[in-house]
Structures are given as structure tokens and as C-alpha cells.
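Chain naming here is simple, since letters A, B, ... match the order of the sequence lines and numbering starts at 1 in each. All values derive from a computational prediction rather than experimental measurement.
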Amino acid sequence: MDLDMKDVVALCKRRGFIFPASDIYGGINGFWDYGPLGVELKNNLRDLWWKAMVVTPPIGPDGTPVQIVGLDSSIIQNPKAWVASGHVGGFSDPMVDCRETKKRYRADHLMILKSEGDKWPSFHEESEDEEIEKRLKKLNLDTNVSNYERVNLTDLDASFYEKIIAPDTKVAGTLTEPKEFNLMFESHAGPIQSDENKVYLRPETAQGIFLNFKNVLDSSRVRMPFGIAQIGKAFRNEVNPRNFIFRSREFEQMEMEWFCHPDEVEKWRDFWFEERTKFWRAVGLASDNLQIRKHGDDELSHYAKEGLGTSDIEYKFPFTAPDFGELEGIAHRCDFDLTAHQEHSGQKLEYMDPVTQDKYMPHVIEPAAGLTRGALALICEAYTVDESRPSGVYLNFHPALAPKKAAILPLSAKEEHVGPATKLYLALREEFAVDLDIKQNIGKRYARQDEIGTPYCFTIDNDTLEDGTVTVRDRNTMAQERISMDKVADYLREKMKPVSAMKVAA
RNA sequence: GCGGGCGUAGUUCAAUGGUAGAACGUCAGCCUUCCAAGCUGAAUAUGCCGGUUCGAUCCCGGUCGCCCGCUCCA
């Protein structure tokens with residue numbers, strides 16, 4: 001089905017899921033606020049992840065539960081941490097613009113064919129020899145590639161730029177000098193701004209985990225292999241925030257660093273990949289819109305260049321379709337981070353196995369998921385057009401994810417209906433996020449609940465007063481059945497179960 | 001960052017160089033014993049700044065934001 005993102009965005013605003021940040025000031029590019037229902041949805045996803053990781057971690061390949069502990073580290077850390085992690089040096093891209101074509105290139109992706117002459121053509125570094133020769137011919141230059149010296153643009157002094165012919169033009173000297181695009185948010189710790197107290201807002205939550213590896217090991221009685229999990233905000237100065245909340249400058253991550261012996265990485269990589277896929281299916285992304293994909297070598301991060309690489313769990317968002325967008329990456333970070341922090345901090349971070357006396361630097365398998373991206377995927381997946389019902393659309397959330405689990409609706413606003421309804425509401429809200437809605441006719445109230453994805457409505461009518469039963473109205477089928485009022489909590493509890501057991505809903 | 005498009009109630013849309021109208025939503029009242037978002041009423045808008053003009057939501061410039069394409073996405 002062709003889902004128009006415009007409709008999704010409009011519903012999100014209209015019903016209080018997601019608003020533009022600073023809306024009354026005209027918004028701010030790359031930032032979004034989560035409204036009353038959005039925060040419930042996001043919290044539900046967050047809590048389920050925390051439960052799946054920290055509270056009830058999965059049974060490992062050996063039949064016993066794996067060991068994972070939680071952490072909530074500071075967003076701002078000692079800036080040296082980001083030097084060590086490679087973000088200060090590597091998390092910025094040198095970019096050049098072509099004045100002629102207005103195109104922009106990453107300087108480190110441009111390859112120059114240097115020669116004795118004064119015209120040096122440039123190409124994308126992956127260009128095939130065939131297309132290079134073709135273009136050389138067009139430019140009336142020597143077509144023998146071996147007569148040139150291949151140089152990366154970043155290795156050339158800017159004084160040579162006047163000789164360079166940009167990749168999409170015919171004249172030389174149109175490239176600007178490289179500009180740094182630093183993707184790290186900077187701030188200052190302390191009221192005086194100077195280079196002395198410059199700090200960075202974390203671009204990933206993972207580093208806080210590595211920085212606390214030793215603290216956790218020394219305080220928590222964990223033994224290899226084990227994991228440390230963390231959920232929190234991260235910040236990146238994206239060049240071009242796009243696609244609603246998909247690529248924003250402030251977002252939320254759910255990351256788990258799994259520390260293990262280097263010889264066991266393959267086993268754990270496969271294990272976590274399977275577990276994480278199961279998770280996304282269980283929370284409701286069970287359709288063909290979910291796919292898994294292994295990264296190509298050319299797109300690997302600085303920390304994953306060695307080892308087993310990275311695999312993504314991806315979702316087919318309306319704006320990426322027919323392609324997919326990343327939801328979670330499962331990376332083998334090797335021992336890159338711990339080794340780097342050991343070098344830079346001077347602290348020993350190796351693990352000494354208490355049984356075998358084996359000393360080694362642990363390797364890391366990292367399932368890193370986007371919480372905010374996950375919430376967006378849930379909304380897109382749930383959005384269901386149904387012309388036959390008054391609302392025209394409903395959100396098909398799994399009950400465990402729905403912002404409201406149920407609405408309690410007295411059929412009329414008379415006291416004999418409102419009384420028992422209020423009583424039921426007060427009892428249920430102790431355990432579930434529920435709404436009590438008294439005003440307006442029943443059809444209108446059902447429609448409203450459909451639109452915010454409330455899976456069940458419990459209606460109190462005259463029969464309730466006689467036999468103590470209420471009507472359950474199912475969101476997806478609109479079918480009704482009567483159940484005893486004192487069974488309502490059990491009923492809801494039962495409906496939540498599949499997801500907490502990490503099972504795909506029927 | 002470039003190119004193109006766009007910016008009117010919460011949402012989706014109208015209209016106009018002379019100060020804005022609808023539908024739905026929201027709120028209030030009524031009606032309703034299960035899909036009747038029914039009836040009555042109310043509140044709510046020209047993104048922001050500047051220019052031209054007697055007068056600008058409309059024309060012009062800037063800015064901010066959104067969408068599409070490119071670029072980018074450790």
C-alpha cells in the first residue's frame with residue numbers, strides 16, 4: 001500500500017504524537033518534540049527494550065540466561081574520550097564545492113590524476129578505469145591512465161586547486177578549498193567560553209559504556225561474556241536533517257555493548273542478530289517491511305573496518321520505499337574502543353579471566369538501535385487506512401506498544417453508567433495506561449480511540465448494572481463481546497503477553 | 001550546502017491589493033442503550049522581519065520551516 005508520509009505527519013501532530021520542536025517560533029531544523037501520546041509510545045518501546053536486555057535477558061546458546069547490566073552515563077564526557085574514540089578526528093568530513101556545477105563532494109572521496117601538465121582531472125575514487133579513460137578522451141587529455149599519478153584530494157596543497165578539473169565539469173579551478181563539516185555538537189563546560197573548556201555532546205551512547213567498562217567490572221560481579229546496556233539521547237550535526245524524525249540532530253539510542261572473548265565473536269554476533277530481529281518482529285514489525293542487510297566493506301565505520309563487519313535491521317519507511325532505512329546496526333567493534341581508551345587514558349582495560357588466568361582485550365558485539373527511529377517505524381507500520389470506518393484510519397499498534405491500552409466508555413453520560421465506569425477506570429489505571437471518556441456519542445468515541453491506536457474499548461451499559469458485564473470492542477475487527485467486569489484486568493494482561501515473551505503476535 | 005516546490009485555524013483545503021471562508025477536529029450544551037465524529041453553539045489562522053503602497057495574507061527582498069531531487073549519512 002502506498003502510505004503518504006504527509007498523512008502520517010499530520011496525524012502525529014493532530015493527535016499529539018510528534019510536534020515540530022519550537023513550533024510557535026517556526027520550528028528548528030532537525031529537532032522534534034514528543035507529545036502526550038508520542039512519549040507513551042516511545043516509553044513503551046524503551047521499556048520493552050530494557051526488559052528484553054536488562055531485566056529478562058535472553059537465554060544464551062549454552063541454555064543459561066546471559067548477563068547484562070544497565071548504565072546511564074553522562075551526555076558530556078571528558079573531551080579526551082572523543083579524541084580516543086576517533087570521533088573528533090574522524091567524525092568530520094572535509095567537503096569541497098564546485099563553483100561551476102554547484103555540486104558538493106567529500107574531499108577524501110576525490111581522486112586526482114596528477115601529471116606534468118596544468119590540467120588535473122578529478123574523479124570519484126571508485127570510478128572504473130573505463131569511465132576514466134572515456135572522460136580523459138572527452139577532455140582531450142592523455143588517455144593512458146598509467147601516465148598519471150593518483151593522489152587523494154586531501155593530500156594536495158590548496159595551491160594546486162587551480163589545476164584541478166572537478167568531476168562534473170570541463171574547466172579547471174572550480175573547486176573551493178575544503179571545509180570541515182564537523183558532525184559533533186560542541187559546547188562549553190563552565191560559564192566562560194574558551195578552547196580550554198570545550199566539550200562535546202555525545203554522538204553515540206556507546207562510549208559512555210566503554211568509559212565505564214572497568215567501573216562496572218569492579219562493582220557488579222559480572223564475568224565475561226556480559227553486556228552493558230544504555231538508553232539515551234545522542235546528538236549529531238547532520239548535514240541535512242530529513243524525513244520527519246528519521247534523521248534528526250537530537251535522537252535517542254538503545255545500545256548494548258556485548259563484551260566477549262575474541263574467539264567467540266562469531267557465535268555472539270549470530271546470537272544477537274537473531275535476538276534483535278526477534279525483538280523488532282515481536283513489537284509489531286512482522287511484515288515484509290523489515291529486512292536484514294550486511295554492510296558492504298566501503299560503508300563500514302572506523303571501528304568496524306576489521307572483524308566481522310556490521311549488519312543492519314532495516315525498515316521500509318514510506319520515504320525510503322522501495323528501499324529500506326536503518327533501524328538497528330549490529331556491529332563487531334572488535335577491541336577498537338577499549339584499546340583506544342586504554343592507550344589514551346593510561347588505564348589498563350584488559351580482562352583477566354579468573355578461572356583460566358587468560359588475559360585479553362575483550363571484543364565487542366554491539367546491537368545499536370534507534371529508539372526514535374523505532375517509534376517512527378511503529379507508527380508507519382500501524383497506520384492503516386480503512387474507508388469503511390468513521391475515522392477513515394486506525395493505528396494498529398500491538399497492545400503492549402499502544403499509548404493507551406484501553407478506553408473505558410460509559411454508554412451514556414448518566415450517573416448509573418458513569419459511576420461503574422469510573423470505578424473500573426480507577427482500578428485499571430493502577431496497572432495500565434487507560435482513558436476514561438464520557439463525553440459525546442459512542443461512535444465518536446470509538447473513532448477517536450481508533451485514531452490513536454487504542455486496542456480495546458470497554459463499554460458500560462444497562463446490562464452492566466444487572467449482570468456485571470461490559471462490552472469489549474476490538475479496534476481491528478470492531479467486533480464486540482461481553483466479559484465480566486472483574487475479568488477486564490486479566491483480559492488486558494493476557495493481550496500484553498506475546499510481546500513480553502518476545503513472541504510475534506498472532 | 002545546491003536546485004526546485006511550498007508556507008492561510010489543530011488538520012485538510014478555499015478566497016482576495018480594501019483586514020479571511022468551509023469541512024473535519026477541539027470545547028460547551030442537547031440528543032443518543034454500541035460505530036450517529038448526529039443537532040445547536042463557541043473559540044481558533046494568513047510562519048517571522050523588512051520594502052513598495054493610502055492600504056499587503058496577496059507584489060518584492062530577506063529569514064525561518066516543510067516537501068522533492070542532488071549531496072551527505074563516522
message: For residues 389-399 of chain A, which residue pairs pass the salt bridge (charged side-chain N to carboxylate O under 4.0 Å, His left out) check, not counting sequence neighbours?
response: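 Every salt bridge (charged side-chain N to carboxylate O under 4.0 Å, His left out) pair that includes a residue of residues 389-399 of chain A, provided the two are not neighbours, is A:Asp386-A:Arg389, A:Arg389-A:Asp450.
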Complement of [N], any strand, by Watson-Crick or G-U distances under 3.5 angstrom:
N     : value
B:U52 : none
B:C58 : none
B:G3  : B:C68
B:A42 : B:U26
B:A20 : none

- prompt: P atom, B:G47 versus B:U53: distance in rounded Å?
  reply: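 One P to the other, the span is 23 Å.
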field: Separation of the P atoms in B:C58 and B:G50, to the nearest angstrom
entry: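 Between the two P atoms, the distance is 13 Å.
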query: Should A:Phe210 and A:Glu257 count as side-chain neighbours, where that means a heavy-atom distance under 4.5 Å?
result: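 They are in contact (side-chain heavy atoms under 4.5 Å apart), so the answer is yes.
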- prompt: Salt bridge between A:Glu204 and A:Arg333, side-chain N to carboxylate O under 4.0 Å?
  reply: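 Yes, this pair counts.
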- request: Measure from the side-chain heavy atoms of A:Lys444 and tell me the nearest of B:C34, B:U71, B:G25.
  value: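 From the listed options, B:G25 comes nearest.
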field: Given B:C34, B:C68, B:C70, the nucleotide with the shortest approach to the side chain of A:Phe319
entry: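 Shortest atom-to-atom distance from the side chain points to B:C68.
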